[in-house]
Novice: 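Input: one structure, supplied below.
Chain letters run A, B, ... following the sequence lines, proteins first and then strands; every chain starts at 1.
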Amino acid sequence: AQSVTQLGSHVSVSEGALVLLRCNYSSSVPPYLFWYVQYPNQGLQLLLKYTTGATLVKGINGFEAEFKKSETSFHLTKPSAHMSDAAEYFCAVSDLTGGFKTIFGAGTRLFVKA
Amino acid sequence: EPEVTQTPSHQVTQMGQEVILRCVPISNHLYFYWYRQILGQKVEFLVSFYNNEISEKSEIFDDQFSVERPDGSNFTLKIRSTKLEDSAMYFCASSDRGAPTEAFFGQGTRLTVV
C-alpha cells in the first residue's frame, strides 16, 4: 500500500529565502506523486505532479519538485519565498494498487516572515 | 477551465439531522470521490465511485454515509444522522478515465454540526 510522510508540520522561512518542504513516500509500484496547496479556508489546489518521465517537475507559482527514486523522496522547493506562499502544503500519492484514490500526507504549514 | 463545483460552501446542521452535500464533477470524468478534512488535520479518503457503484470505501464511511449519482451531472454525499464529530470540510473530486490518478478537487463544503 502507498503512503506519504511529510517531515515537519511547520516550516518558517524569511521572505526571499529558499523554501524546502520534505516528502517521502512508500510505494510498491512506480508512484504518481502530487503536491497540493491549501490557503486558509479554501480548497485544494494542485501545485504540480509527477507521473512518468522527467524527474524534475515544475508547477505553478515558481514551485518545483524532484522525484528521487533512490531516496523515495519528492521534496518541494521554491528558490525565493513570497509572503503569498504562506499556506498548508500537502504531499500526496495516488493509490495504484487498490484503486485511484489520493493518499495525503499530514501536511506542512509554511510561514513566511517579512 | 472545467472545475468541480460543490454546494453549499458552508452548512450548519443540528446533531441528528440528515445532510446532503452536493457536487458537480467535471463533465467527462468517470471516477468520483469524497474526502474529509477535520479542522487542522489531514485530508482523509471516504469513498470512490465508478460505473454507478462504490468501488472503494474507507472505515470512516460507515452506514451513516451514502453516495449517489442521481442524474448525469450530480454526485451527492448523504450523512443520515449527523454527529458532532462529522464537523469537517468535505471535498468532492473527480478524475478522467484517461488519467484516473489525477483527481480534480472542488472547493469543499464546510459542515458544522451543532
Novice: Side chain from CB out, backbone as N, CA, C, O: work out which of these in Glu88(A) comes under 4.5 Å of a heavy atom of chain B, or both, or neither.
Specialist: neither
Novice: Quick check, are the ring centers of Tyr50(A) and Phe67(A) under 6.0 angstrom apart?
Specialist: yes
Novice: Chain B heavy atoms under 4.5 Å from Leu44(A): which part of the residue, side chain, backbone, both or neither?
Specialist: both
Novice: Of the backbone (N, CA, C, O) and the side chain (C-beta and beyond), which part of Phe104(B) lies under 4.5 Å from a heavy atom of chain A, both, or neither?
Specialist: neither
Novice: Is there a side-chain contact between Tyr31(B) and Pro25(B) (heavy atoms, below 4.5 Å)?
Specialist: no
Novice: Step by step, work out the ring-ring contact (aromatic ring centres under 6.0 Å, His included) result for Tyr36(A) and Phe105(B).
Specialist: CA-CA 10 Å; Tyr36(A) 288 87; Phe105(B) 285 80; 5.3 Å; yes
Novice: For Glu102(B), is it the side chain, the backbone, both or neither that has a heavy atom under 4.5 Å from a heavy atom of chain A?
Specialist: both
Novice: Do Phe45(B) and Phe61(B) have side-chain heavy atoms sitting under 4.5 Å apart?
Specialist: no
